[in-house]
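The residues of the chain are indexed from 1 along the displayed sequence. Small disclaimer: the values here were computed from a predicted structure and weren't measured.
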Amino acid sequence: MTLFSLVATHSDLDLETVGTLSSGAADVAGSVNVPAVTLATCNRLEIYAESPSDKPEDVSSAREQLIDAVAESSGLTRETIASSFCTLMEDDAVSHLFEVGAGLDSAVIGEREIAGQVRKSLAEAQSAGTVSGNLTKLFETATRTAKDVGTRTALGSRGRSIVSVALDIAGDMRGDGAEFYRGASVVLIGTGAYAGTSLAQLIERGVSDIAVFSGSGRAEEFVSQRSEALQAEGRIRSLAMEELSQAFRSADVVIGCSGGNRQITAGEIRTLAGLGQPVEQGGRTAPLTVVDLALSHDFTPDVADLDGVELITLESVKMAAPSETEDSVEDARAVVADSVQQYLTERRERSADDAIVALRRHTQQVLDEEMAKVRKHHGCTAASEEVEFAVRKIVRKLLHTPTVRARELAAEGRTEDYVKALEDVFGLEVAPREQAVPEDSERRTPAKRRRAEDFSPAELAQMAAYLRQVPSGGFCRHHRPGDFNVERLDAVRHIQPAEPLPKAG
């Protein structure tokens, strides 16, 4: 397997393009024939996938499948998609995901929301059945690394996010900063992850009047699930369509984070909020702040042209995001770098396991074939058993050094050298176990029963001591003869069983 990722972020593209690419992103991984996880946030679309081998044609084929899927879901031309994505391979893809999860590649450096989005992306891929064992390990480790950055560095302790910066900007624009929110009235549009984060931030800032609206009709459920958790009962209410206009007219801030297909226009804002209407007819004189946190935009750009309305978008947040101190960023990068190195080392060692298994399977097959010939000529005598016991012991000793060497070479990143040696010397083909036996497949052959010679002398002695306490024909010392029955190993068959237990009464 070869890991690669397709990356389109705010660093290289405008957010409008990123938003268009992300439309339908949830269905991309399920429409291709390769393991994949899609990470779509407010400022990025990234797809992590595995090709069946490191052959250039296999990697290219997997990449083309993903580009076709994104083109179909977004409606953009294939050429536009191909030019929008940057392709990262193997170690570079790992490092990038770990930095993303830690908030080091965000518009707001050190944002904490992205770690939850990385975790959610994995959960969605697992639910859809598009993820592999390797990708699961990758995303789980990236999530743990983000947690380490949050607990071990000053960067994580600040708790900044896209939402918190947007609300800071809104407070500063209204002139009162944090004090503005204590008496503010807010309308929140949307019920997704960003809506949940926005709601928590508003409660934390002391907002006492929050009205939630959802075009999908989920506002009431959203409010009921969060009111008690946020200890904000009575401060949050859901809005019906007929209540929307009144809520807009009394609102100080309107926050959009629904990401739906329909955008609210300047004309609709003017009507809903009563802009330009006489006060006696329900018009308003106070300014209105509109915060658009949806990647695909909940409001049309001309809302910014309305008198008395200030529009804050993700682009505004990106430009106004506070810079972090160099020391905090460097500390976070050091934590990430250590985690990346540890993950890559473990990953290389896991790749060596495939080679070790192939070598042991080969030697076991040869041994079994030769022992079958011995038994054919000499029968299952004590002599043949002694020969097999001795041969197996020799094989285990012979395999010790190649096993140790495989792990050493893997740690050095030279697993391919080891695999090549096995192919050249033994003619073995080393296939990843995940490819050979998929995780969701049933066991193809029954588990092998251990033979007497596979037990150590200590194990045999322990078995013998226990069997002396077992009645003849019994299963264990706690049951009478006839309750259960089990065939005993030849190696302990000569042991005399205990006397039968006396009958009750």
Decide yes or no for [X] and [Y]: does some side-chain heavy atom of the first lie under 4.5 Å from some side-chain heavy atom of the second?
{"X": "Arg205", "Y": "Asp168", "answer": "yes"}
{"X": "Asp252", "Y": "Thr289", "answer": "no"}
{"X": "Ile81", "Y": "Ser74", "answer": "yes"}
{"X": "Phe85", "Y": "Glu46", "answer": "no"}
{"X": "Leu66", "Y": "Phe4", "answer": "yes"}
{"X": "Ile47", "Y": "Val70", "answer": "yes"}
{"X": "Ile264", "Y": "Ile189", "answer": "yes"}
{"X": "Leu239", "Y": "Ser214", "answer": "no"}

So CG of Leu288 and CG of Asp307: to nearest 0.5 Å the spacing works out to 12.5 Å
Could you grab the distance from atom OG1 of Thr38 to atom CG of Leu122, nearest 0.5 Å is fine?
12.0 Å
Could you tell me which non-hydrogen atom of [X] sits nearest to which non-hydrogen atom of [Y], and how far apart they are?
{"X": "Thr141", "Y": "Phe98", "answer": "CG2-CZ, 3.6 Å"}
{"X": "Leu306", "Y": "Ala266", "answer": "CD1-O, 3.6 Å"}
{"X": "Val149", "Y": "Ala102", "answer": "CG2-CB, 3.9 Å"}

Sub-3.5 Å donor-acceptor pair from the side chain of [X] to the main-chain atoms of [Y], do we have one?
{"X": "Ser121", "Y": "Gln117", "result": "yes"}
{"X": "Glu243", "Y": "Ala240", "result": "yes"}
{"X": "Thr130", "Y": "Gln126", "result": "no"}
{"X": "Ser95", "Y": "Asp92", "result": "no"}
{"X": "Ser60", "Y": "Pro56", "result": "no"}
{"X": "Ser127", "Y": "Ala123", "result": "no"}
{"X": "Ser61", "Y": "Glu57", "result": "no"}
{"X": "Asp292", "Y": "Thr313", "result": "no"}
{"X": "Glu268", "Y": "Thr265", "result": "yes"}

Classify the side-chain pair [X]/[Y] by whether it contains a donor and acceptor separated by less than 3.5 Å.
{"X": "Thr153", "Y": "Asp331", "value": "no"}
{"X": "Asp302", "Y": "Thr300", "value": "yes"}
{"X": "Ser53", "Y": "Asp58", "value": "yes"}

Qualifying residues under side-chain hydrogen bond (donor to acceptor under 3.5 Å, both in side chains), relative to Ser31, sequence neighbours excluded:
none
Is any side-chain N of the basic residue among [X] and [Y] closer than 4.0 Å to the acidic one's carboxylate O?
{"X": "Asp105", "Y": "Arg44", "result": "yes"}
{"X": "Glu99", "Y": "Arg333", "result": "yes"}
{"X": "Arg262", "Y": "Asp298", "result": "no"}
{"X": "Arg182", "Y": "Glu179", "result": "yes"}
{"X": "Asp68", "Y": "Arg63", "result": "no"}

May I have the step-by-step check of side-chain hydrogen bond (donor to acceptor under 3.5 Å, both in side chains) for Asn134 and Glu50, ending in yes or no?
CA-CA 9 Å; Asn134 289 333; Glu50 284 185 318; 3.0 Å; yes
Partners meeting ring-ring contact (aromatic ring centres under 6.0 Å, His included) with Tyr181 (sequence neighbours left out)
none
Residues in ring-ring contact (aromatic ring centres under 6.0 Å, His included) with Phe213, at least two apart?
none
Test side chain to side chain contact (heavy atoms under 4.5 Å, CB included) on Leu202 and Ile236 and set out the steps.
CA-CA 10 Å; Leu202 291 169; Ile236 315 170; over 6 Å; no
